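First comes the structure, then the notes that go with it.
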Amino acid sequence: QITLKESGPTLVKPTQTLTLTCTFSGFSLSTSGVGVGWIRQPPGEALEWLALIFWDDDKRYSPSLKNRLTITKGTSKNQVVLTVTNMDPVDTATYYCAHRTSIGNLFDYWGQGTLVTVSP
Amino acid sequence: DIVMTQSPDSLAVSLGERATINCKSSQSVLYSSNNKNSLAWYQQKPGQPPKLLIYWASTRESGVPDRISGSGSGTDFTLTISSLQAEDVAVYYCQQYYSTPYTFGQGTKLEIK
């Protein structure tokens with residue numbers, strides 16, 4: 001079955017760069033049509049899509065954060081990495097990685113999420 | 001960006017009664033190549049990630065009970081729970097996947113009256 005798990009620091013300081021890793025199983029990011037996305041959710045707030053990487057290394061980013069985001073395939077073939085530069089307290093959120101469905105850019109399997117707090 | 005607006009923000013319904021949640025997009029999400037609406041619904045329970053319920057506005061994901069249904073087209077969509085069960089208490093989000101950025105609604109909190 002498909003599983004995903006996010007890992008990375010739980011606390012970062014303002015201006016630092018956040019690096020999160022999504023480790024997945026049950027599918028291959030080399031298979032046509034497959035993608036992995038990142039979505040975040042500030043405490044008590046709504047979901048915000050951040051980035052998506054496809055099997056062919058095509059990438060999509062949220063325009064509002066594009067200059068700060070980088071999504072890449074990891075060194076292990078079952079990992080995807082998201083970096084967010086210049087972190088600010090407003091970036092405090094639970095960050096989720098998720099599997100893109102085969103029919104479009106929506107998400108059918110999600111990790112449990114990792115809460116990242118930005119504080120001095 | 002396509003703005004997704006849900007209504008109401010919160011809703012309290014008695015067990016066994018119907019719950020209706022609305023989602024409006026700022027522009028049409030009808031995908032002309034297949035005549036389907038690129039609109040999904042998710043359910044999120046406290047402390048859990050979202051769960052995909054509905055895609056193409058009205059297609060239930062595998063395992064989703066048939067008391068949960070989606071409808072609508074163009075810019076106006078509805079999620080209906082025909083007979084509310086205790087396990088349906090959650091926050092519900094719509095999402096458009098027609099164009100980037102893939103935006104979500106602000107969420108509707110569904111509670112038991």
Side-chain angles (χ1 to χ4, degrees), chain A residues 1-7 20 22 24 26 33 35-54 58-69 71 82 93-116, chain B residues 1-7 9-10 21 23 25 29-64 70 77 90-109:
Chain A
Q1 80 278 23
I2 290 176
T3 64
L4 305 99
K5 186 173 183 178
E6 307 85 355
S7 59
L20 294 173
C22 177
F24 56 84
V36 173
W38 286 92
I39 302 98
R40 71 179 181 181
Q41 184 173 37
E45 297 187 25
L47 300 161
E48 179 185 18
W49 171 77
L50 299 177
L52 178 58
I53 188 166
F54 296 87
D58 187 17
K59 300 164 188 177
R60 309 281 166 82
Y61 294 101
S62 172
S64 64
L65 287 159
K66 179 170 182 169
N67 291 340
R68 300 174 52 208
L69 297 175
I71 189 170
L82 179 75
T94 296
Y95 287 74
Y96 295 100
C97 64
H99 173 266
R100 172 192 184 267
T101 72
S102 59
I103 60 95
N105 296 328
L106 64 158
F107 306 99
D108 52 1
Y109 294 91
W110 296 61
Q112 284 298 309
T114 185
L115 176 61
V116 178
Chain B
D1 297 6
I2 298 177
V3 177
M4 308 300 290
T5 304
Q6 293 181 226
S7 62
D9 290 334
S10 63
I21 298 170
C23 175
S25 57
V29 297
L30 179 62
Y31 197 41
S32 57
S33 65
N34 63 5
N35 201 36
K36 294 184 177 182
N37 292 277
S38 301
L39 190 283
W41 288 97
Y42 298 84
Q43 175 193 66
Q44 187 178 31
K45 296 181 179 180
Q48 296 184 20
K51 173 187 176 183
L52 178 62
L53 298 176
I54 301 280
Y55 56 94
W56 293 135
S58 61
T59 302
R60 264 187 298 272
E61 177 74 335
S62 176
V64 173
F77 302 93
V91 179
Y92 292 83
Y93 294 94
C94 59
Q95 180 219 339
Q96 65 80 18
Y97 50 98
Y98 180 83
S99 65
T100 57
Y102 306 114
T103 42
F104 293 84
Q106 81 276 19
T108 294
K109 185 176 185 179

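Since the model is a prediction, treat every value here as computed from it, not as a measurement.
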Of all the residues in residues 58-68 of chain A, which have a heavy atom that comes within less than 4.5 Å of a heavy atom in chain B?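 Listed by number, the contacting residues are A/Arg60, A/Ser62, A/Pro63.
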For a quick test of reading the model, state the closest non-hydrogen atom pair linking A/Tyr96 to B/Gln48 and the distance between them.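 Reported closest heavy-atom pair: OH-O, 3.6 Å.
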Which heavy atom in B/Pro49 sits nearest to a heavy atom in A/Trp110, and how many Å separate them?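 Distance-wise, the nearest heavy atoms are CB-CB, 3.7 Å.
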Applying side chain to side chain contact (heavy atoms under 4.5 Å, CB included) to B/Phe104 and A/Gln41, what does each step give before you reach the verdict? CA-CA 11 Å; B/Phe104 293 84; A/Gln41 184 173 37; over 6 Å; no
Calculate, to the nearest 0.5 Å, the distance between atoms OH and CG belonging to B/Tyr55 and A/Asp108 respectively.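 Answer rounded to 0.5 Å: 9.5 Å.
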Apply ring-ring contact (aromatic ring centres under 6.0 Å, His included) to A/Phe24 and list each qualifying residue two or more places apart in sequence or on a separate chain.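 With sequence neighbours excluded, A/Phe24 shows a ring-ring contact (aromatic ring centres under 6.0 Å, His included) to A/Phe27, given in chain and number order.
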Is it true that, when you exclude B/Tyr31 itself, more than 12 heavy atoms of the residues, nucleotides or ligands shown sit nearer than 6.0 Å to its OH?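 12 or below, so no.
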Please classify the contact of A/Ile103 with chain B as side chain, backbone, both or neither, using a heavy-atom distance under 4.5 Å.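 Backbone plus side chain of A/Ile103, per the 4.5 Å heavy-atom cut-off to chain B.
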For A/Glu45, is it the side chain, the backbone, both, or neither that has a heavy atom closer than 4.5 Å to a heavy atom of chain B?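 It is the backbone, since no side chain atom gets that close.
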B/Gln44 portion near chain A, given a 4.5 angstrom heavy-atom threshold: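 Interface part for B/Gln44: side chain.
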Please look at B/Gln95 and chain A and tell me whether the side chain, the backbone, both or neither of the residue comes under 4.5 angstrom of a heavy atom of that chain.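 Interface part for B/Gln95: side chain.
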Among A/Leu47, A/Leu50, A/Leu52, A/Leu106, find the one that has a side-chain contact (heavy atoms from CB on, under 4.5 Å) with B/Tyr102.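 Testing B/Tyr102 for a side-chain contact (heavy atoms from CB on, under 4.5 Å) against A/Leu47, A/Leu50, A/Leu52, A/Leu106 leaves exactly one candidate, A/Leu52.
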Using a cut-off of under 4.5 Å on heavy-atom pairs, state which of B/Pro50, B/Gly107, B/Ala40 scores highest against chain A.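 Heavy-atom pair counts peak at B/Pro50.
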For A/Thr101 and B/Tyr97, what are the C-alpha separation, side-chain angles and deciding distance, and is it a side chain to side chain contact (heavy atoms under 4.5 Å, CB included)? CA-CA 11 Å; A/Thr101 72; B/Tyr97 50 98; over 6 Å; no
Side-chain (B/Tyr42) to main-chain (A/Phe107) donor-acceptor, under 3.5 angstrom: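 Yes; at least one donor-acceptor contact below 3.5 Å.
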